[in-house]
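Presented below is the structure to which this report refers.
Please read all numbers here as calculations on a predicted model, not as lab measurements. Each residue takes its place number in the sequence, starting with 1.
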Amino acid sequence: VHRLVTHIFVYEDLASLTCGAVAIWYFAGSFERNVGTVKHCFLTITFSVLSALLYLLLEPLVSWVLEVGDAKGFLPVAFATLGVSTTRSRMKRTLLFGCRVPVVLVPWFVLCIACVIPHSSLLGNLCGLLVGEAYGLGYCFCLDFPESMGSKLDRVFPFTLLKRIPGLKYIPGSLAERRASESS
């Protein structure tokens with residue numbers, strides 16, 4: 001059961017670790033700025049578990065047709081956050097490699113590009129993307145908690161400690177607090 005969460009910390013080599021770090025920095029960082037640190041931590045664990053469960057469900061079926069690699073690293077969770085961000089985006093089109101494409105297609109293009117990342121699992125990344133798309137479309141509404149709960153959790157142990165760490169940027173759970181911290 002512990003592998004449902006710990007698979008995001010497993011890397012084969014330095015190249016896959018570097019790609020995972022870039023994915024964490026780019027995709028998860030912007031997602032955290034939108035939802036706050038508390039909800040980001042909760043959704044990271046949730047996306048990890050749900051994408052691993054979906055992977056475990058689909059792996060026997062897909063392995064009959066294709067060779068399936070193990071789901072390792074943070075990329076499935078990064079694809080989940082990318083799926084949520086693009087699904088809930090107000091933008092209709094964006095530039096991707098100089099071409100204007102619909103925003104909802106961006107994660108699928110990035111999924112194709114992720115195939116060249118060493119030791120990256122296409123099925124694991126696809127499961128993460130599907131979980132993020134489902135959450136972004138509102139099919140996982142039970143995972144949302146109100147901002148008032150996020151504000152309350154901002155004041156409990158692990159998060160009060162995160163606020164005190166120098167050099168670490170903590171994003172408040174409340175939208176009003178996030179806007180106030182951005183303007184200052």
Is there a path of hydrophobic side-chain contacts, each under 4.5 Å between heavy atoms of I, L, V, M, F, W or Y residues, that connects [X] with [Y]?
X	Y	value
Ile113	Leu122	yes
Leu126	Leu57	yes
Tyr139	Leu143	no

Legend entry - Check: Leu53 and Val49 side chains under 4.5 Å, non-hydrogen atoms: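 A side-chain contact under 4.5 Å exists here.
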Inset, instruction - Decide yes or no on side chain to side chain contact (heavy atoms under 4.5 Å, CB included) for Val103 and Lys92, but give the supporting numbers first. - result: CA-CA 6 Å; Val103 170; Lys92 298 293 182 209; 6.0 Å; no
Closest approach of [X] and [Y], non-hydrogen atoms and distance?
X	Y	value
Leu130	Trp108	CD2-CH2, 4.0 Å
Phe109	Val101	CE1-CG1, 4.0 Å
Pro76	Ser51	CB-OG, 4.0 Å
Phe31	Ser85	CD1-OG, 3.8 Å
Glu133	Gly83	OE2-CA, 3.9 Å
Arg100	Leu95	CG-CD2, 3.6 Å

Inset, instruction - For side chain to side chain contact (heavy atoms under 4.5 Å, CB included), just list the numbers for Thr37 and Glu32, CA-CA rounded to whole Å, side-chain angles, deciding distance to a tenth of an Å, and then say yes or no. - result: CA-CA 6 Å; Thr37 300; Glu32 182 180 8; 2.7 Å; yes
Legend entry - Residue list, side-chain hydrogen bond (donor to acceptor under 3.5 Å, both in side chains) with Thr44, at least two apart or on another chain: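 By the side-chain hydrogen bond (donor to acceptor under 3.5 Å, both in side chains) rule, Thr44 matches His40.
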Legend entry - Separation of Thr94 OG1 from Leu105 CG (nearest 0.5 Å):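 Here the interatomic distance stands at 11.5 Å.
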Legend entry - Inter-residue atom distance Leu43.CG - Cys140.SG, 0.5 Å rounding: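 The CG atom of Leu43 sits 10.0 Å away from the SG atom of Cys140.
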Legend entry - Criterion side-chain contact (heavy atoms from CB on, under 4.5 Å) against Val131, the qualifying member of Val84, Thr46, Leu50: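 Among Val84, Thr46, Leu50, the one meeting side-chain contact (heavy atoms from CB on, under 4.5 Å) with Val131 is Leu50.
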Legend entry - side-chain contact (heavy atoms from CB on, under 4.5 Å), paired with Pro107, selected from Asn125, Thr86, Thr81, Thr87: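 Testing Pro107 for a side-chain contact (heavy atoms from CB on, under 4.5 Å) against Asn125, Thr86, Thr81, Thr87 leaves exactly one candidate, Thr86.
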Legend entry - Cys127/Phe79 under side chain to side chain contact (heavy atoms under 4.5 Å, CB included): CA gap, chis, key distance, verdict: CA-CA 9 Å; Cys127 290; Phe79 272 103; over 6 Å; no
Inset, instruction - Using the six-membered ring wherever Trp is involved, compare the ring planes of Tyr135 and Phe47 and label them parallel, tilted or perpendicular (cut-offs 30° and 60°). - result: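 If you compare the ring of Tyr135 with that of Phe47, the planes turn out perpendicular.
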